[in-house]
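Report on one structure; see the data block that follows.
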Amino acid sequence: MMARTISHLRANIRFKGDSFLPPLQNPLSSSRFSPHATLLASLLHSISFSNNGDRPQSRYQKVTNLDHAFNLFDEMTQRRPLPSVVHFAQLLNAVAKMKHFSSCLDLFKQMCLIGAPVNEYCISIAIKCCCQMSRTNDGFALLASCFRRAVVPNVFIFNTLLDGLVVENRIAEAERLFKKLIKQKICEPNAVTYSTMIKGLCKFGNNDIAIGLLRLMDERGCKPNTVVYNTIIDSLCKAKMIEDAFKLFNEMVFAKSIQPDVITYTSLIHGLCNLCRWDEVSKLLKEMVEDVRISPDIQTFNILVDAFCKEGRVDEAEAVIDIIVERGEVPNIVTYNSLIDGCCLRGEMTKARSLFDSLTSKGLVPNVVTYNSLLNGYCKSLKIEEAMHLFHEITRKGLKPCIVTYSTMLQGLFRVGRCGAARKFFDEMRAQGLIPNECTYGIILDGLCNNHQVEEALSLFHLVGDSKLNSNIVVYTILIEGASKCGKLDIARDLFQDLTLKGLQPNVRTYTVMVSGLCGEGLLKEAKHLFRKMDESGCPPNSVTYNVLLQGYLKKQNYDDVEMLLQEMDGRRYSLDASTLSMLIDEIAAGSVDRSMLKLIGKLVPKEMMDTTAVPR
DNA sequence: GTAGGGTTAG
């Protein structure tokens, strides 16, 4: 199925070739084209890639580095009369585009000081800089300065501020601002205002309200566009609500006649990849390549590279990279980060390392994500010294370790039992001003439990108290597993009961861990009771749960329910894992389990195990 | 001359 994806991409190359190029021939030996014709062809080619009819840039827009910008600014401020406000705005914008937000603000302040003309364009750029630096409050202060300068803030300014609030996760304030604009008729929201607000709603999982806002904008006479639809479609895809995403996609294309673009398709392909629905991925890719307007780009390809890597198909990911190159596109650091991560996932550290070392020769600079993947690979292969060495390289290369970097190191250190070193890393992380998140917290609790420090884990858990960190089902599952593995089943039970009180829904893993704990203490009746509760609670047991319960029965030499469980597994198309299978075979050999069950057991052996395990027939 | 959407890591 994945191979089909590749063949569609290859077909695309041929498709493009067939449509636009003459039959293949050696251009040097060709008599069909005169040198002029070739020149003309290359000119035509360059025209199609240039900025379709854009005006030439002014010297203020062309600045390429900060020194140049400051020199030009100094020169401008000395001229009399002062240059026009348009030129100042162009320079400010060029500096902002280079992401030198703080310098851009300095220039803006200097303009104000020397009495240079400042209008809504300049203020809008300055506000954008504040927001990009997560200083939206400073942006609002600049809004106040609009009123002092008798500049009427326009929809660009409000949209930028709204986006700043969304970026800072200040969703309630964003909603208040949005409503205020409408109610007080301060400024009529346009499609950008709506799409920004919709993005904020989606960010917090309010897809339904986002769709409501999409309807509202239509009613208020603001026509939804591709960006608005893309924002919601992407959010639905990320929430694995792919059917709803396609519903919206169909509405957009067929009912509203809004053209989808490469971003629409990329979001849908990403959503399908996450659900391993490869056939549909191929279908969409085919649709994309057949429509010349929406040909896949580097981000689309990167999603495919990443999907192949996550499936462990590094070879096919490399084939996609070949296609990227054949199409004349350039693989970037994201492409290689996925590939390196894929190698690490398979424990192929030599290959991961050599890919990492080859980045420079490709003109690519490793970023903190590159390092995190490699660190994770070393930690998972228990090569902690190599991980430590790499960790120190991060700062030497002028990069900053982030919360993921530290979490990865903590996990690695706990895994090799170096709890003291883990503690030091944790303190260093805090000293760097990094706040542990749910994942870091889970890693620490898990690490403590696995290093016989369940008491420590529990006291940390109680110390943290009622918070977002402790309202997480993963955290509970870790503690329940830790407590029951250490024979503290009472604590595990209490934690499990807490879930209902907190309104948290146990997942399959939580149930399985609890069933396993009960089995470990020989409490088969209670384990079976909980097991039966799973279906009722809408969380049916999976293959692992069945294997855990079966092992519990076999260990206790309780064979009454074994056949029934095996039959249920068959009905649900589940399979036996290697250790349950080996226990069953031992029991049959010993005569405790009836040989008549062999046929059923044979059906429950996964195909890939058939080659390696001899199952008596 | 100013604003909004898609990719990688624990």
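Chain letters run A, B, ... following the sequence lines, proteins first, then strands; residues in each count from 1. For the numbers below, each heavy atom of this structure counts, side chains included, while hydrogens, waters and symmetry mates do not.
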To the nearest Å, how far apart are [X] [atom1] and [N] [atom2]?
X: A/Ile123; N: B/dT2; atom1: CD1; atom2: P; value: 16 Å
X: A/Met197; N: B/dG4; atom1: CE; atom2: P; value: 16 Å
X: A/Phe414; N: B/dG10; atom1: CZ; atom2: C1'; value: 14 Å
X: A/Asn119; N: B/dT2; atom1: CG; atom2: C1'; value: 9 Å
X: A/Gln411; N: B/dG10; atom1: CD; atom2: P; value: 9 Å
X: A/Ile303; N: B/dG6; atom1: CD1; atom2: P; value: 10 Å
X: A/Asp446; N: B/dG10; atom1: CG; atom2: P; value: 15 Å
X: A/Arg415; N: B/dG10; atom1: CZ; atom2: P; value: 11 Å

Checking all strands, does [X] fall into the base, sugar-phosphate, or nothing category for heavy-atom contacts under 4.0 angstrom?
X: A/Leu162; value: nothing
X: A/Thr300; value: base
X: A/Val305; value: nothing
X: A/Thr370; value: nothing
X: A/Cys402; value: base
X: A/Ser58; value: nothing
X: A/Ala96; value: nothing

May I ask you to check whether [Y] and [X] place their ring centres under 6.0 Å from each other?
X: A/Tyr194; Y: A/Phe178; answer: yes
X: A/Phe425; Y: A/Phe391; answer: yes
X: A/Tyr378; Y: A/Tyr371; answer: no

Testing the 3.5 Å rule here: is there a donor-acceptor pair between the side chains of A/Asp357 and A/Ser354?
no
Do A/Ser195 and A/Lys199 pair up side chain to side chain, a donor and an acceptor below 3.5 Å, judged on atom types alone?
no
Where the side chain of [X] is concerned, which of [options] is the nearest nucleotide?
X: A/Lys238; options: B/dG10, B/dG1, B/dT7; value: B/dT7
X: A/Val368; options: B/dA3, B/dG6, B/dA9; value: B/dA9
X: A/Cys439; options: B/dG10, B/dT2, B/dG6; value: B/dG10
X: A/Asn367; options: B/dT8, B/dG4, B/dT7; value: B/dT8
X: A/Ile125; options: B/dG6, B/dT2, B/dT7; value: B/dT2
X: A/Ala89; options: B/dA9, B/dG1, B/dG10; value: B/dG1
X: A/Phe156; options: B/dG1, B/dT8, B/dT2; value: B/dT2
X: A/Gln61; options: B/dG6, B/dG1, B/dG10; value: B/dG1

Is any side-chain N or O of [X] closer than 4.0 Å to OP1 or OP2 of [N]?
X: A/Lys128; N: B/dG1; answer: no
X: A/Lys380; N: B/dA9; answer: no
X: A/Asn376; N: B/dG10; answer: yes
X: A/Lys310; N: B/dA9; answer: yes

At less than 3.5 Å, do the side-chain atoms of [X] and the base atoms of [N] form a donor-acceptor pair?
X: A/Ser195; N: B/dG4; answer: yes
X: A/Thr266; N: B/dG6; answer: yes
X: A/Asn190; N: B/dA3; answer: yes
X: A/Ser124; N: B/dT2; answer: yes
X: A/Gln299; N: B/dG6; answer: yes
X: A/Thr196; N: B/dG4; answer: no
X: A/Ser373; N: B/dG10; answer: no
X: A/Asn225; N: B/dG4; answer: yes

Answer yes or no: does atom CZ of A/Arg293 have more than 12 heavy-atom neighbours from other residues, nucleotides or ligands under 6.0 Å?
no
How about A/Thr440 and A/Leu434: do any of their side-chain heavy atoms sit closer than 4.5 Å?
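No. Closest side-chain heavy atoms not under 4.5 Å.
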Tell me, do A/Val365 and A/Lys397 make a side-chain contact under 4.5 Å, heavy atoms counted?
no
Aromatic stack A/Tyr121/B/dG1: centroid gap under 5.5 Å, interplanar angle under 30°
yes
